[in-house]
Amino acid sequence: MVLADGSIVRADASHHADLFWAVRGAGANFGIVTAFEFEVDEVGPVGFAQLSFDASDLAGFLQAWGDWVVGSPRDLTSFLIVSAGRAGQPPMAHAMAMVDSDDPDTVLARLQPLADAAPLVGQDVRITDYLSVISNAGDASHSAEGEPTARSGLIGRVTPSFAAEAARFIESGATYFFQLRAVGGAVHDVPSDATAFAHRSAEFSVVAFGSNRRHTNDRWNELIAPHSSGAYLSFDTEQGDDAVEAAFPPATLARLRGLKRRFDPENVFRDNANITPA
């Protein structure tokens, strides 16, 4: 990492451990990482599914999908993208799911409970390799173009109350892209104080894009924020102390502010949800 004073350090569990703790959740505030060292796991063939549903009962489907994810074995994970109905068409839900198995019967057994949750209007289920699933992520530079507003929150289970409020949020026109991502699983195995990302009990990440910042923020604050605890900052465009305080538990934020004073007292790195020095 290149630090604010120009020095170059290695941060890991044995070197600058406090800095290593901080960058895993608040990295943009502490320096520029110029190299990573990863320990990787070999992944064999997997089951990958893309399922599209008529989500006329939007709240009911959101809860059914959430219950399915939480109730499934750890070899399954899933993302869900929901769009509001338009021009006489019902709301649509597009679920992507990966099963860590190359056995067709196992893959189908994992997917069947969701397939029964709502009318299925499109499906693509295959045994494939992990590389082919992520092949749409190219190495070309990012143009950074897009709509101006994104909001993020972390929640526990999809409760009936959250599902109802999320359906209202989607139907209000405040978002053209609403996504739920499974978090749980192995994320729960890490202690909450092990990294600056402290929300290890979260089951889902909620993300919404909107083209009207005021409308999106007003509806988000009214309907989604009361159910959220924390945020994934890379998916949130809001800036300022309120956004930072909503993203970190008080003890975590206090520790981060102390480390900011130590590593960047002049607040050189002050973009992307800035944590000001204590």
Side-chain angles (χ1 to χ4, degrees), residues 23-30 33 55 58 62 65-66 69 77-86 91-96 134 136-138 140-156 158 162-163 165-184 187 195-199 202-249 252-253 256 269-276:
V23 297
R24 289 175 294 165
N29 283 276
F30 290 92
V33 178
L58 186 49
L62 290 172
W65 176 85
V69 171
T77 190
S78 182
F79 288 10
L80 180 70
I81 301 171
V82 181
S83 59
R86 62 187 69 181
M92 297 297 296
H94 180 69
M96 292 172 284
I134 62 167
N136 64 326
S141 60
H142 196 288
S143 61
E145 296 176 357
E147 296 290 354
T149 297
R151 297 308 311 269
S152 168
L154 296 166
I155 64 170
V158 177
F162 171 81
E165 300 284 54
R168 286 181 58 199
F169 178 75
I170 295 164
E171 292 163 351
S172 74
T175 180
Y176 61 89
F177 178 95
F178 185 86
Q179 183 184 67
L180 289 168
R181 296 184 174 208
V183 174
V187 174
T195 66
F197 178 80
H199 301 284
E203 294 287 358
F204 299 101
S205 167
V206 187
V207 183
F209 293 170
S211 55
N212 183 314
R213 181 183 180 190
R214 181 174 179 179
H215 183 43
T216 300
N217 282 341
D218 285 350
R219 297 288 79 76
W220 177 275
N221 292 334
E222 174 193 358
L223 299 170
I224 305 299
H227 300 275
S228 301
S229 177
Y232 184 69
L233 290 174
S234 292
F235 290 163
D236 205 306
T237 54
E238 288 305 291
Q239 302 290 317
D241 289 342
D242 288 346
V244 170
E245 290 170 4
F248 297 101
T252 302
L253 184 56
L256 285 169
F269 300 112
R270 55 183 177 269
D271 294 329
N272 190 24
N274 182 222
I275 295 169
T276 55

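Every value quoted in this text rests on a predicted model; they were computed, and no experiment measured them.
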Roughly how far, to the nearest 0.5 Å, is [atom2] of [Y] from [atom1] of [X]?
X	Y	atom1	atom2	answer
Phe248	Leu256	CZ	CG	5.5 Å
Arg181	Ile81	CZ	CD1	8.5 Å
Ile224	Ile155	CD1	CD1	8.0 Å

Heavy-atom donor-acceptor pair, [X] side chain to [Y] backbone, under 3.5 Å:
X	Y	value
Ser152	Tyr232	yes
Asn217	Arg151	no
His227	Val158	no
Thr149	Ser211	no
Asn274	Asn29	no
Ser205	Leu154	no
Thr175	Phe209	yes
His215	Gly210	no
Gln179	Leu80	no

Tell me the closest heavy-atom pair linking [X] and [Y], and the distance in Å.
X	Y	result
Ala196	Thr252	O-CG2, 3.5 Å
Ile275	Ala26	CD1-CB, 3.7 Å
Ala174	Thr216	O-OG1, 2.6 Å
Leu233	Gly25	CD1-O, 4.5 Å
Met92	Ala55	C-CB, 4.3 Å

Subject >> Electrostatic pair Arg219:Glu171 at N-O distance under 4.0 angstrom >> reply: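 Judged by the 4.0 Å cut-off on N to carboxylate O distance, Arg219 and Glu171 do not form a salt bridge.
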
**OP:** For side chain to side chain contact (heavy atoms under 4.5 Å, CB included), just list the numbers for Glu238 and Arg213, CA-CA rounded to whole Å, side-chain angles, deciding distance to a tenth of an Å, and then say yes or no.
**Re:** CA-CA 10 Å; Glu238 288 305 291; Arg213 181 183 180 190; 3.1 Å; yes

Original post:
How about Val69 and Phe204: do any of their side-chain heavy atoms sit closer than 4.5 Å?
Top reply: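 Yes, their side chains come closer than 4.5 Å.
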
Subject >> 4.5 Å side-chain heavy-atom contact, Val206 and Trp220 >> reply: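 Val206 reaches Trp220 side chain to side chain.
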
**OP:** Check each of Phe178, Phe177, Tyr176 against Ile170 using the side-chain contact (heavy atoms from CB on, under 4.5 Å) test, and report the only one that passes.
**Re:**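 With Ile170 as partner, Phe178, Phe177, Tyr176 yield a single side-chain contact (heavy atoms from CB on, under 4.5 Å), made by Phe178.
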
